[in-house]
*Asks:* 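Here it is, the structure in full.
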Amino acid sequence: MIVLSLKGGRVTCRRATKREICEAVYILVSTIPVGRVTSYGNIARALGINPRLVAWCLQNNRDLIVIPCHRVVYSNGELGGYRELGARFKRSLLELEGVLFDFKGRVVRDFFVDIKI
DNA sequence: CATCGAACCAACC
DNA sequence: GGTTGGTTCGATG
């Protein structure tokens with residue numbers, strides 16, 4: 001992720017700090033509607049960063065309430081992780097919101113949304 | 001469709 | 001510099 005700024009009439013660019021990246025990830029994740037999910041890669045592409053980095057930001061997420069990181073799953077519909085609480089709890093949250101799973105335990109395609117900036 | 005392996009890239013040590 | 005991670009993608013049966 002790149003940050004552009006204007007200094008004395010010149011455009012400069014630098015790599016975003018980890019704090020900036022996390023903030024961007026959190027903002028995007030909090031726009032996922034209730035009862036919907038998106039993938040790590042989807043967020044990563046929107047920001048121009050690596051999917052593993054998205055996961056890393058979410059793992060550091062202290063505000064499980066305000067940032068619905070349980071709505072971010074693998075692109076193939078499998079759950080991915082959820083810190084100590086585990087994927088089982090993550091699935092419970094999603095089911096509570098009305099998300100449906102197939103017989104293999106993967107999120108049904110229809111519940112994926114595209115994140116756009 | 002399922003499984004497998006490599007590629008991905010920044011953080012962290 | 002090597003290891004790790006809440007991934008992804010393509011190749012293969």
Side-chain angles (χ1 to χ4, degrees):
Chain A
M1 186 168 117
I2 299 297
V3 177
L4 298 177
S5 53
L6 217 43
K7 283 181 183 170
R10 286 273 175 234
V11 176
T12 65
C13 75
R14 62 176 171 79
R15 301 189 71 79
T17 65
K18 51 188 185 237
R19 182 188 181 84
E20 287 168 334
I21 293 174
C22 284
E23 268 176 21
V25 169
Y26 294 161
I27 289 172
L28 255 47
V29 169
S30 53
T31 68
I32 305 173
V34 174
R36 290 302 171 88
V37 301
T38 192
S39 70
Y40 297 93
N42 192 269
I43 294 171
R45 276 191 300 276
L47 294 176
I49 62 179
N50 190 296
R52 314 293 292 262
L53 194 50
V54 174
W56 179 82
C57 289
L58 293 181
Q59 196 170 40
N60 282 343
N61 173 23
R62 298 276 185 281
D63 297 306
L64 259 46
I65 308 295
V66 305
I67 300 162
C69 52
H70 60 280
R71 300 194 189 119
V72 187
V73 300
Y74 286 180
S75 59
N76 67 5
E78 287 172 25
L79 275 176
Y82 200 65
R83 296 195 87 197
E84 307 88 53
L85 296 171
R88 206 176 50 78
F89 182 70
K90 185 173 180 175
R91 171 167 176 165
S92 304
L93 286 177
L94 292 174
E95 284 176 333
L96 227 46
E97 298 182 352
V99 174
L100 296 181
F101 293 78
D102 67 13
F103 70 103
K104 281 285 187 183
R106 289 177 304 207
V107 175
V108 174
R109 279 283 163 211
D110 299 342
F111 290 91
F112 276 79
V113 287
D114 263 343
I115 298 298
K116 295 188 178 68
I117 296 189

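In what follows, every chain begins at residue 1, and chains take the letters A, B, ... in the order their sequences are listed. No hydrogens, no waters, no symmetry mates; every other heavy atom, side chains included, goes into these values.
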*Asks:* Counting any heavy atom closer than 4.0 Å, what does A:V54 reach on the DNA or RNA strands: base, sugar-phosphate only, or nothing?
*Replies:* nothing
*Asks:* In whole angstrom, what separates A:E78's CD from B:dA2's P?
*Replies:* 9 Å
*Asks:* Is there a side-chain polar atom (N or O) of A:S39 under 4.0 Å from OP1 or OP2 of C:dT8?
*Replies:* yes
*Asks:* Grab the CZ-P distance between A:R109 and B:dC1 for me, whole Å please.
*Replies:* 10 Å
*Asks:* When the distance from CG of A:N60 to C1' of C:dT4 is rounded to whole Å, what number comes out?
*Replies:* 14 Å
*Asks:* Look at A:S75 and C:dT7 and indicate whether a side-chain polar atom (N or O) is within less than 4.0 Å of OP1 or OP2.
*Replies:* no
*Asks:* With clusters defined by side-chain heavy atoms of hydrophobic residues (ILVMFWY) lying less than 4.5 Å apart, directly or transitively, does A:L53 cluster with A:M1?
*Replies:* yes
*Asks:* Please state how far atom CZ in A:R83 lies from atom C1' in C:dG5, giving the value in whole angstrom units.
*Replies:* 14 Å
*Asks:* Using a 4.0 Å heavy-atom cut-off, does A:R15 contact any base of the nucleic acid, only the sugar-phosphate backbone, or nothing at all?
*Replies:* sugar-phosphate
*Asks:* In terms of the angle between their ring planes, are A:Y82 and A:F89 parallel, tilted or perpendicular, with boundaries placed at 30° and 60°?
*Replies:* tilted
*Asks:* What is the separation between atom CD on A:E20 and atom P on B:dA11, rounded to the nearest whole Å?
*Replies:* 11 Å
*Asks:* Under 4.0 Å between a side-chain N/O of A:R45 and OP1 or OP2 of B:dC8, yes or no?
*Replies:* no
*Asks:* For a quick check of understanding: with a heavy-atom distance under 4.0 Å over all strands, which category does A:K18 fall into, base, sugar-phosphate or nothing?
*Replies:* sugar-phosphate
*Asks:* With no hydrogens and no angle check, is any side-chain donor or acceptor of A:K90 less than 3.5 Å from a backbone partner on A:L79?
*Replies:* yes
*Asks:* Expressed in angstrom and rounded to an integer, what is the separation of A:L58 atom CG from B:dA11 atom P?
*Replies:* 15 Å
*Asks:* At under 4.0 Å between heavy atoms, what does A:Y74 touch on the DNA or RNA strands: base, sugar-phosphate, or nothing?
*Replies:* sugar-phosphate
*Asks:* Calculate the interatomic distance between A:W56 atom CH2 and C:dT3 atom P; express it in whole Å.
*Replies:* 21 Å
*Asks:* It should be established whether A:R52 places a side-chain nitrogen or oxygen under 4.0 Å from OP1 or OP2 of nucleotide C:dT3.
*Replies:* no
*Asks:* Specify the separation, in whole Å, of atom CG of A:N50 and atom P of C:dT4.
*Replies:* 17 Å
